[in-house]
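Below, read A as the first sequence line, B as the second, and so on, with proteins coming before strands; counting in each chain starts at 1. These figures come from a predicted structure and were not determined experimentally.
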Amino acid sequence: MREVAIVGVGSTGFRAVTPDVSYKEMMFEAATRAYQDAGNISPRKDIDAFISVAEDYWEGFSIFDEFVPDQLGAVLRHLFTVCGDSIIGLSTAYMLIKTGHFDVVALESHGKPSDILTLYDVVQFAMDPMLNRPLGGHPFFVAGLEMTRFLYETGNTKEQCAMVVSKNRGNALANPYAAYGADIDVDDVLCSNHQFYPLNQLDVSQPSDGGIVMILASNEVAAELSDNPVWVKGVGWAVETPSLETRCWSDAVYARIAADMAYKKAGIGNPSREVDFAEVDDLFSYKELQHIEALRLCRPGEAGLLVEEGETWIGGSMPVNTSGGNLGMGWALEASGMQRLLETVLQLRGEAGSRQLSDVDVGVAQSWRGVPTTTGAVAVLTNY
Amino acid sequence: MATEKITDIRHMLHWPGHMETDYIYTQGIAGEKFFSEIKENEKIYGGRCNHCGQVFVPPRLYCERCFRKIAEWRNLGSKGVVYTFTVVYIDIDGAKLDEPIMYALITFDGAEGGLIHRLGEIKPHEVQIGMPVEAVFRPQAERTGSINDIRYFKPQS
Ligand SMILES: [Zn+2]
């Protein structure tokens, strides 16, 4: 059977601002590192197809796709852009290799939100123009609405969400790719400014700039390119509904459906036992708890207890977001999911430095497309 | 990665850009029904799928569960309950608001879904899930066929 492996990774960032480099230079830097990491391949002849994950409004271009090839070495080659999220990009690369027509595929994603002067207006523009946008206001009110109902239905608490922030900002201190490492405690979070009740300022991820490139290969060539390939055992993605009016407000249904799809492909029947660690979207503190439950890494309503009892911390039975998550690495737009993948790869290769987990073989990475979407994707990765 | 890097921040250049885009968004048949019932009759309408029996608010021309056409409208009145809520303390640029804004998802008896709207005539700490509320409409002459023809929802008197 044809298998798919990640054989190279390269990253730049993540930082709060990057006035010294253009987005193209950022991508060039990440790509150069990834090609070197994948046995020093040349994009001009060794890569069969390129995928970039980007969204016009985040980039400030109409038809941004056209601005991607040169900095990746993909001029005159086979490239397209996926709009969605980097784990949806990964799924696309996975499928290309599965067809048997492509052996080596490069996947790129970046975010440079510091170039967007009206970042939250772009988010607001993603909302329904007739039902939601005319109400005005900061679009993250949608997350406030969701957190209220999530806590109400599951019994998880605001304090447990604050613990997620403390854990992830702390983990980020040990991650050289993280922009927002900090030593903060639960009270710091609970006493930070009210923003979107029940969300306080420190419950909300801050934007960050950076880029990541990964090289995927079929099992036929993976061994030539890498001594420590990480295998993509399953991918999944799902959209719940575009309508704020009819969506579920307590559970991350999209993540549940995406995870079930990925687990099925990977042959995982009992995720809480078979998965060693996870990187999940935590754009808002409560999302980590909600996503842990959707990924069936614990029983419904128990994610808060896991963080409280130390199980999701480094050294616990189910470490989550050892990278620092989005809270620690920053919200890098479409590259946010790629951050989750990067950490999963580094942990499985044993290259996570002082935050390295011991004896890990199976990791799960999950992304969410952010407010106001109900779209998510999941990848199951292993090192065997 | 570049062999040369800029080391003097006073020499870092950028170019400002601005994207001006204007649109009209067509309301469509179901939108037309929904917004004109608010404007003309102070009524909130849903659409009933004859296949699964669900009433969806706001109404659409097709059922998102069955992918069947919806042809039956249901008057849901103007009273509902708070399903979930939030209180927003900052504006879209991050500046602190003088008065926080309360938003809620209001659900209606017998209907799936609801309406996102503001709450008014209530203090933030008084809002609760399950609280009965009713729509407060703008005066007829000021209505334009917009979701803002409802000013906000207030606690039922
Ligand atoms: Zn139906």
Honestly, the part of B:Arg151 sitting under 4.5 Å from a heavy atom of chain A is neither

In terms of heavy-atom proximity below 4.5 Å to chain A, should B:Thr26 be classed as side chain, backbone, both, or neither?
backbone

Chain A: which of B:Tyr83, B:Phe85, B:Tyr23 shares the most heavy-atom pairs with it under 4.5 Å?
B:Tyr83

Is it the backbone or the side chain of A:Thr148 that comes under 4.5 Å from a heavy atom of chain B, or both, or neither?
both

Answer with side chain, backbone, both or neither: which region of B:Phe56 has an atom nearer than 4.5 Å to a non-hydrogen atom of chain A?
side chain

Check whether the ring centres of B:His117 and B:Tyr152 lie less than 6.0 Å apart, and answer yes or no.
no

Is the closest side-chain donor-acceptor distance between A:His110 and A:Glu108 under 3.5 Å?
yes

Assess the side chains of A:Tyr197 and B:His125: does a donor N or O sit below 3.5 Å from an acceptor N or O?
no

Aromatic ring centroids of B:Tyr103 and A:Phe141 under 6.0 Å?
yes

What part of B:His11 is in contact with chain A, defined as an atom under 4.5 angstrom from a non-hydrogen atom: side chain, backbone, both or neither?
neither

Option in A:Glu146, A:His138, A:Gln124, A:Met147 with maximal non-hydrogen atom pairs under 4.5 Å from chain B:
A:His138

Determine, stepwise, if the pair A:Asp203 / A:Leu327 fulfils side chain to side chain contact (heavy atoms under 4.5 Å, CB included).
CA-CA 8 Å; A:Asp203 286 300; A:Leu327 286 162; 6.0 Å; no

If you tally heavy-atom pairs under 4.5 Å against chain A, which of B:Ile92, B:Leu105, B:Ile6 wins?
B:Ile92

Output side-chain donor-acceptor pairs under 3.5 Å for residues 129-138 of chain B, partner residues at least two apart or in another chain, one line each.
| from | atom 1 | to | atom 2 | distance (Å) |
| --- | --- | --- | --- | --- |
| B:Glu134 | OE2 | B:Ser157 | N | 3.2 |
| B:Glu134 | OE2 | B:Ser157 | OG | 3.4 |
| B:Arg138 | NE | B:Asn148 | O | 2.7 |

Between atom CZ of A:Phe284 and atom CG of A:Leu199, what is the distance when rounded to the nearest 0.5 Å?
6.5 Å

The interface call for A:Asn132 against chain B, heavy-atom contacts under 4.5 Å, is side chain

Pair A:Ser114-A:Arg15, side-chain donor/acceptor within less than 3.5 Å
no

Only pairs of heavy atoms separated by less than 4.5 Å count here; which of B:Gly31, B:Pro16, B:Pro58, B:Ala104 has the most with chain A?
B:Pro58

Max heavy-atom pair count under 4.5 Å with chain B, selected residue of A:Asp20, A:Leu135, A:Thr241:
A:Leu135

Let me know if A:Phe125 has heavy atoms under 4.5 Å from chain B in its side chain, its backbone, both or neither.
side chain

